[in-house]
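Below is one structure; the comments refer to it alone.
Counting from 1, the numbers follow the sequence of the chain as shown.
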Amino acid sequence: MENGRPAQNRAQSDPNDNDLLDLERTAPAYNSGQRPPVDDNQLLQRYDIDDSDQPQPRPSVSYDEFVGGTGGTINTNAQPTQTAQSGSNVARPYFDAGSRTYSQTSELNNYSRYSDVDDFPEDDRSTPRYWNGGGTSDENIPGGSVNVIRGGRSRDRNSLLSLGGGIMGKAKNMLGMGPQYSEMDVPLTEGGPRNVRADTAGTDEDPTPRQSKFSKDNFKFGIGRRKVDPSTLGPRIIQLNNPPVNAANKWVDNHVSTAKYNIATFVPKFLYEQFSKYANLFFLFTAILQQIPNISPTNRYTTIVPLFIVLLISAIKELVEDLKRKSSDQSLNHSRARVLRGSSFEDTKWVNIAVGDIVRVESEEPFPADLVLLASSEPEGLCYIETANLDGETNLKIKQAIPETAHLVSPAELGRLTGRIRSEQPNSSLYTYEAALTMQAGGGEKELPLGPDQLLLRGATLRNTPWIHGVVVFTGHETKLMRNATATPIKRTDVERMLNRQILMLVGILLVLSCVSSVGDLIVRSTARTKLSYLYYGSFNAAAQFFSDIFTYWVLYSNLVPISLFVTIEMVKYCSALLINSDLDMYYAETDTPAICRTSSLVEELGQIEYIFSDKTGTLTCNMMEFRECSVGGIQYSEVVSEDRRATDEDGKGVFDFPKLRQNLQSHHSRTAIHHFLALLATCHTVIPERKDEKSEIKYQAASPDEGALVEGAVQLGYKFVARKPRSVIIEVAGESLEYELLAVCEFNSTRKRMSTIFRCPDGKIRVYCKGADTVILERLHKDNPIVDVTLQHLEEYATEGLRTLCLAMREVPEQEFKEWQQIFEKAATTVSGNRAEELDKAAEIIERDFYLLGATAIEDRLQDGVPETIHTLQTAGIKVWVLTGDRQETAINIGMSCKLISEDMTLLLVNEDNATATRDNLGKKLEAIRSQIASGGEFDALALIIDGKSLSYALEKDKEKLFLDLAVMCKAVICCRVSPLQKALVVKLVKRHLKALLLAIGDGANDVSMIQAAHVGVGISGVEGLQAARSADVAIGQFRYLRKLLLVHGAWSYQRISKVILYSFYKNIALFMTQFWYSFFNSFSGQVIYESWTLSFYNVFFTVLPPFAMGIFDQFISARLLDRYPQLYLLGQKGTFFRMHSFFSWVGNGFYHSIIAYFISAYIFHDDLPLSDGKIGGHWLWGTSLYTAVLGVVLGKAALVTNVWTKYTFMAIPGSMLIWLVFLPIYATAAPRIGQGFSTELRGVISVMFTSPVFYALVFLLPPICLVRDIAWKYAKRMYSPQTYHHVQEIQKYNVQDYRPRMEQFQKAVRKVRQVQRMRKQRGYAFSAGDEGGQQMRVLNAYDTTRERGRYGEMVSSRRPGSIS
């Protein structure tokens, strides 16, 4: 089946192309409106697109080459017009190499390869090789020829899931070290099979380059038996109503899992991930050194025990988060479904559905698996599905069962159905499907073709159809939706990457200190050995002693790197995620949806976002159309009229309400125009009325939400559409039933931008009713139309409000003229030369003329609450917003206007080109014009770039992507229209690859998943389109407006808090443990420690662990209200103000400074071991314990100094930590020597002396002020003489300073309105969404007769006579 549309003819160049603003264009530059290039094989093969995250080319190979027939030869030099032969001289139907390049199964003789392994026998010629031929050469693919490599080097191939072949491959795969495969690396529609391999790089080498290096992100653990490749078993044969036979094939079940771990993989994967962090490797190495005798100066367990505690806490956190994922998966897998068992449908869970099951899906329910449609409640097996969750398109799609199964409406008939389906293998192509249904017919078997029209995909939803019956063909992870999903990537934050670098720097400092101490020890041993005889130096080998000293001092100084740092950060992030989850400001009560932070490790990146990539439908809008206003006969009417716009009967100017319209229908001079206006709304459409019984309300089934809104608007105004027959439409007006005889329909398409219906009205006259874009209606009006100017003014007002506008017109057609035209129209309808659509358009042009303008309508595609304010605030915060949507360009522009993405003072740059050269020229000219304007010093308006899907395909090619990106980054807003899911991901990857900026992607449908996963941070909206995006995202929210607080408040807080926690953790360790280094100069580099070993280890685990938690969870450098009030503060995060290398060295330097002061002051006070009053000396451990207490006071004082908000938790953490130490110390000093044979004896007898010594109190109370006086002075000077922006806001917050900024809202509002009107006069167009499936509108209208009663099973019998052709 052909999914494409005839290409639109357009001029190769335009004399106005050099004009940046396009002010002189008389005709609006609209795109063709045709479907985006959803055949993503064309995107990645025909266009030279790089879809990788990395700058180097992507080493990925499509598995097209594994799809094949049974032998045959290929002429690699064949031209695109030649026919491929495969074992026969008879050309296969539809198998022309030029037209049939993108086939999945090629008459079902070839099946796409779907395998986890690659080690099939090479020499066993009896094995059927389904990948060895039968296809067309890659030279025939549109986009140019490629070099071809022949041969069956199956060992060099990559398998589908890249799990490698051979013994080494299997070994690697068992360890999870096979090359990673992502479905997003494979085009969404695969090319035909072939026995050759294409090398798109143009070399004769293996086209699948080996991965250049081992990546820890790609490391996986594969456990279990390898799976059998289904493609080696031939076609997928599905037996109908025969579960035992189907079960024997062992196809995958219908469960879906997004969990990260299972029982077998948790330990190895967790340990691998943890020890990929440099700090944990560092401590593991240190713990090993401590086990070596005569190396460690400390207790052998003082590192390994804290490390075990850290890993245990991290493991618990990982388990909790993974259990949440499993719970989410379970809720989906346990959704209710109805499966045929015998002759009745029984309720079961989704997870229990198997391939071959016949299921019943009812209206508004999602499909539980990929189904082949057998029958539906609608005539001729028709059904409506919404695929917004798959491709973002809101218009309903029409699917139709084949006639031979459309009658299977009862469970009993379905239960008797026998036969089989030969289906293609699972693949990722959303828009193609080939299979054959074999049924008993006429005493024999009949094979019936199945195609995309019969395929209902998991992820889509049944709409406007009471029920359907379908047979399951793909389940679980083999469904096309899941085949398009990528494995959840491991995302590492920018802060984490810098933290790793800083830890490496600390390790470098540690090595320097160890080397200095080791050299010092060698010098002392060489020069003072005789004076230090009590140290028993003896003879030594300098080299061996040097390395021994290095390891000793490594252990001694190892605490420079805080062992609790990573677990502290993880816990702080986890608590930040809990705060996001519990924020009532981000709770959506209507759907009982709280915010959910699924990936707590990314919270700080929420405070550094520079680009937002947003879906439109369901993300910015509610996808609910409402009839708001209309203009009839030059008079405006509105559902709700504000007092300042309300018209009075005296002057007639302004806006009337709808009751006034109904009143004017009775007596006003425009009553005839009003009647025809409302009759047009009620009759000129493709809507189907549905009611359960005579008394029930009518429910309108509309393929387009816009059409549904217009019909509902007519009902609201008294013209009720009640029934449809194949050749008439029945409406009800004032209790009277009026029947309009349908004579012809001139269908809507994106070229015509209008729809016309020709009726014989109840008064016997023939009239043409036409609705469409103002540009196409106005040029077809009769010269005598007095209301044109005033209607245009009304249209401009509607457009400035972001409403979707439509013009309505009509004319009476004389009987004779209609008969003559009907002959022309019928001749065009029977054209078989391939240009029927063009002939029908020409015929329509003949009768669509000399219209009388009735008026205009305004429909609101209601934005979600707070969207305009949110986007405006985010732009004020320095964030650039790009909208990537599947909608038409005009619709996207209007929504962009209404949501304030595009403002009235912006210049729109439109890119709608049909070929690569024109796209390059267009982008180049616009970029050159902007650069020249900047170079000349001239001012220009803010820019907005609007590009359609086809132009984007060319713009993403390697030689043009930089040109496109350079132009896009100069624009304040970018809108990409008619884009496919893959294109969304490619745009995100392009920006990610070339710009050093953090990206956020937000969407609500399955079509947004690839974009969400490609960005640094993915946000999913738990919306109407399902939960696929929310489940795949890092953060899930209920409404777009919550993004404002998520980024500006929680993001800014998290970034600042985590930055402070990291820097403070470095500081507190250096302040204490560097005293050990200064002491080494006075203990002859002997490796003697100042502090008792276990108190040293507990420093990070107990005594200084609470202040980082208090700062990281509860501190607020600015209140939430002021962060929202001053969004410019968000720039602090974007610029990395709080966490940069300068900050790191400042805090490390401060730690060195405090350690020097602490050491030398304490050493001076405790000079000569502090002789006591009783004649005894205090001793080493009295000094060490006193110094430990004083330094603890210094670092806790520093924590108090940098804390912005004091809460009860802050008091518990900072003064509380000192209390914990003072309580712990006497208990430990008393108990430790008595445990076993002396667990720790250093502190025996110290406590009683220390707590009675005035020197101890002098040190504890004097040292912190002496150390911190410099910090206080620096903080004062910084705020007084060089304040940053947030310092000013902190002053505003502290003293509650009122904001007296002058307000000019009324003046600014007037200026905006004038600019909007000026723009709308230049940019008018078709802001209306309707189905664009050629020929389907008339087919649907002819199939329905809603005046008939539904059958026993709710089915509606077709109104067509058997054998008739519409």
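A donor-acceptor pair is defined here as one N or O able to donate and one able to accept, closer than 3.5 Å; no such pair exists between the side chain of Ser631 and the backbone of Ala856. Put simply, the side chain of Asn785 gets close to the backbone of Phe851: a donor and an acceptor are under 3.5 Å apart. Checking side-chain atoms of Gln636 against main-chain N and O of His794 turns up no donor-acceptor pair under 3.5 Å. Proximity of a side-chain donor or acceptor of Arg752 to a complementary backbone N or O of Cys746 within less than 3.5 Å is detected. A distance-only check finds no donor-acceptor pair linking the side chain of Arg724 to the backbone of Pro689 [under 3.5 Å]. Although no hydrogens or angles enter the test, the distance criterion places no donor-acceptor pair under 3.5 Å between the side chain of Tyr719 and the main chain of Gly713.
Counting heavy atoms of neighbouring residues, nucleotides and ligands inside a 6.0 Å radius, atom CD of Glu779 exceeds 12 of them. Heavy atoms from other residues, nucleotides or ligands lying under 6.0 Å from NE2 of His668 number more than 12.
Residues Leu681 and Phe627 form a side-chain contact, since some pair of their non-hydrogen atoms from C-beta on lies under 4.5 Å apart. The closest side-chain heavy-atom distance from Glu860 to Glu629 is not below 4.5 Å. The shortest distance between side-chain heavy atoms of Arg780 and Arg754 falls below 4.5 Å. Annotation: side chain of Phe748 is not in contact with side chain of Lys771 (no heavy-atom distance under 4.5 Å).
Here Leu909 contributes atom CG and Leu943 contributes atom CG; the two are 5.0 Å apart, rounded to the nearest 0.5 Å. To the nearest 0.5 Å, atoms CD1 (Ile859) and CG (Asp706) are separated by 5.0 Å. Atom OH of Tyr769 is separated from atom CG of Leu808 by 10.5 Å, given to the nearest 0.5 angstrom.
Between His685 and Phe721, a ring centre-to-centre spacing shorter than 6.0 Å is recorded.
In terms of the ring-ring contact (aromatic ring centres under 6.0 Å, His included) criterion, Phe1040 has no residue partners (sequence neighbours excluded). Evaluation of the side chain to side chain contact (heavy atoms under 4.5 Å, CB included) rule for Asp789 yields no partner, not counting sequence neighbours.
Between Thr683 and Ala679, the shortest heavy-atom distance links the atoms OG1-O, 2.7 Å.
Contact check on Lys725 versus Glu741 returns no salt bridge, with no Lys/Arg side-chain nitrogen under 4.0 Å from an Asp/Glu carboxylate oxygen. Using a cutoff of 4.0 Å between basic side-chain nitrogens and carboxylate oxygens, Glu845 and Lys842 are not scored as salt-bridged.
Between Phe825 and Trp821, the ring-plane angle classifies as parallel under the 30° and 60° cut-offs.
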